[in-house]
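Notes follow the structure.
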Amino acid sequence: MNTKAVTAENTSIVSGIMLLAGTCIGAGMLALPVVTGVAGFYPSLLISTCCWLVMLCTGLLFLEATLWMERETNLLSMAHRFLGPIGKVIGGITFLFLYYCLVVSYISGGAPLFQTFFQAIGLTISNAAAFTLFTGLFGTIVYFGIKAIDRVNWLLASGLVLSFVMLVAIGSKGVQTKLLMFRDWKLCFFAAPTLFSAYGYHNVIPSLASMMKQNVSKLRLTIIIGTAIPFAAYTLWQWMIMGTLTPTQLSDAAAQGQPINLALQNITGNPWIVTFSAFFGFFALVTSLLGVSLSMVDFLADGIKVANRGINRLFLCV
């Protein structure tokens, strides 16, 4: 009996970690070295560490505010209590603007990849069909709630990890220590805005609090480990890219609008890099989409003050 209880608790923590880490890690990670590469690896590591610690601390503070509220309350109720009516309006508008933009970007990036995968198995579908199927499939998963999202997210996060490991295993063969020694400390601060956005996960904290029944120790552990995983992934990816491409090659790739994975493939000569990058990009997009969509549905339910289930949840998802 005790063993089952412990297993259920651990599963809940691991699920929360995967949801939080998946929300942080987006396909934009592939382009991160373009922004940080001009400063060099060690300056980038410094600013990335600072941004991670700041976002970790703000997440823990936001968790504290969340736990002061009743279960299943979200940002609008929190803003109204702590910031008043004006704060509620400003918070609501900015939240909707940011996360609707993110959903649009995830769908516009994910649907063409969805279409490419269909083509790879010999099926041709139109752009409209690709967008409809992509949005309908993952929107349906969000409708069925946190358990469905958790199970699908496990599969997607596993694919994300596997594709990333394969990408690093193939691409890291050309890393040169001397390239990692390049440093231009004054340029590292320009990467801060991008790095702050790369650790964006705060929107899922109210949903995680409900999912974990406001268990403080589990939630704190989830946030610490769930943000440490993206930090490790970003560091490893930047180490590989900056150890393989010179700052000039990174700048040229940015100026020409060339994807960094394609530049890496040109240097290493390995055609699998673009393939695994495509898989990684798809899994990263979808795990982020699920986290953002879950938080938006919970946000809207709290704002409209309706029960987040049944026909109401269908309305919120639409």
Side-chain angles (χ1 to χ4, degrees), residues 1-26 29 52 55-56 59-60 62-64 66-67 69 71-75 99 102-103 106 110 137-165 198-234 280 282-299 301-302 308-309 313 316-317:
M1 187 72 175
N2 291 335
T3 303
K4 290 182 179 180
V6 171
T7 302
E9 182 176 357
N10 290 339
T11 300
S12 180
I13 292 175
V14 174
S15 297
I17 290 170
M18 294 180 77
L19 179 63
L20 193 150
T23 302
C24 282
I25 299 175
M29 189 196 89
W52 168 51
M55 295 300 272
L56 170 62
L60 292 172
F62 187 54
L63 171 64
E64 183 177 346
T66 302
L67 294 174
M69 307 294 293
R71 279 185 63 185
E72 297 189 5
T73 55
N74 210 281
L75 189 73
Y99 289 107
L102 284 176
V103 168
Y106 293 148
L137 172 62
F138 294 107
T140 301
I141 293 167
V142 173
Y143 166 74
F144 282 112
I146 189 66
K147 288 186 178 180
I149 292 172
D150 179 34
R151 290 168 184 168
V152 173
N153 195 62
W154 266 90
L155 295 174
L156 295 170
S158 299
L160 180 69
V161 171
L162 180 60
S163 58
F164 180 72
V165 169
Y199 292 106
Y201 66 93
H202 300 66
N203 56 302
V204 300
I205 289 177
S207 300
L208 283 174
S210 297
M211 170 183 164
M212 295 184 175
K213 300 179 181 179
Q214 296 190 317
N215 186 306
V216 180
S217 59
K218 287 168 61 177
L219 285 163
R220 285 175 178 165
L221 187 62
T222 295
I223 291 174
I224 293 169
I225 299 176
T227 56
I229 290 173
F231 173 72
Y234 296 157
F280 174 84
F282 178 77
F283 291 130
L285 277 170
V286 176
T287 52
S288 297
L289 173 65
L290 290 177
V292 168
S293 299
L294 171 67
S295 69
M296 284 195 68
V297 170
D298 291 346
F299 170 88
D302 175 61
N308 194 357
R309 51 187 169 271
R313 187 169 180 85
L316 295 170
C317 287

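Positions are given from 1 along the sequence. Just so it is clear, the model here is predicted, and its values are computed rather than measured.
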Test item: [X] and [Y] side chains (from C-beta on) under 4.5 Å apart, heavy atoms:
X    : Y    : result
L75  : D302 : no
L156 : L160 : no
V14  : W154 : yes

Determine, stepwise, if the pair D298 / S207 fulfils side chain to side chain donor-acceptor pair (under 3.5 Å).
CA-CA 7 Å; D298 291 346; S207 300; 2.5 Å; yes
Backbone of [Y] reached by a side-chain donor or acceptor of [X] within 3.5 Å:
X    : Y    : result
Y99  : S295 : no
T227 : I223 : yes
Y201 : G291 : no
S288 : G22  : yes
R313 : V142 : yes

Side chain to side chain contact (heavy atoms under 4.5 Å, CB included) evaluation trace for M211 with S15
CA-CA 10 Å; M211 170 183 164; S15 297; 3.7 Å; yes
Would you check, one step at a time, whether the test side chain to side chain contact (heavy atoms under 4.5 Å, CB included) holds for L19 with L294?
CA-CA 10 Å; L19 179 63; L294 171 67; 3.9 Å; yes
Derivation of the side chain to side chain contact (heavy atoms under 4.5 Å, CB included) call for W52 and Y234:
CA-CA 11 Å; W52 168 51; Y234 296 157; over 6 Å; no
Would one find more than 12 heavy atoms of other residues, nucleotides or ligands at under 6.0 Å from atom CZ of R71?
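Buried by this count: over 12 neighbours within 6.0 Å.
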If I compare all heavy atoms of L289 with all of V103, which pair ends up nearest, and what's the gap?
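Looks like CD1-CG1, 4.3 Å.
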If you take all heavy atoms of Q214 and T66, which pair is closest and at what distance?
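Q214 and T66 have their closest heavy atoms at NE2-O, 3.9 Å.
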Under 30°, 30 to 60°, or over 60°: which ring-plane class applies to F164 and F280, parallel, tilted or perpendicular?
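Tilted, since the angle between the ring planes falls between 30° and 60°.
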Could you go through K213 and K218, starting from their C-alpha distance and side-chain angles, then the distance that decides it, and tell me whether this counts as side chain to side chain contact (heavy atoms under 4.5 Å, CB included)?
CA-CA 10 Å; K213 300 179 181 179; K218 287 168 61 177; over 6 Å; no
Atom pair CG (L155) and OG1 (T287), whose distance is rounded to the nearest 0.5 Å
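L155 atom CG to T287 atom OG1 measures 12.5 Å (nearest 0.5 Å).
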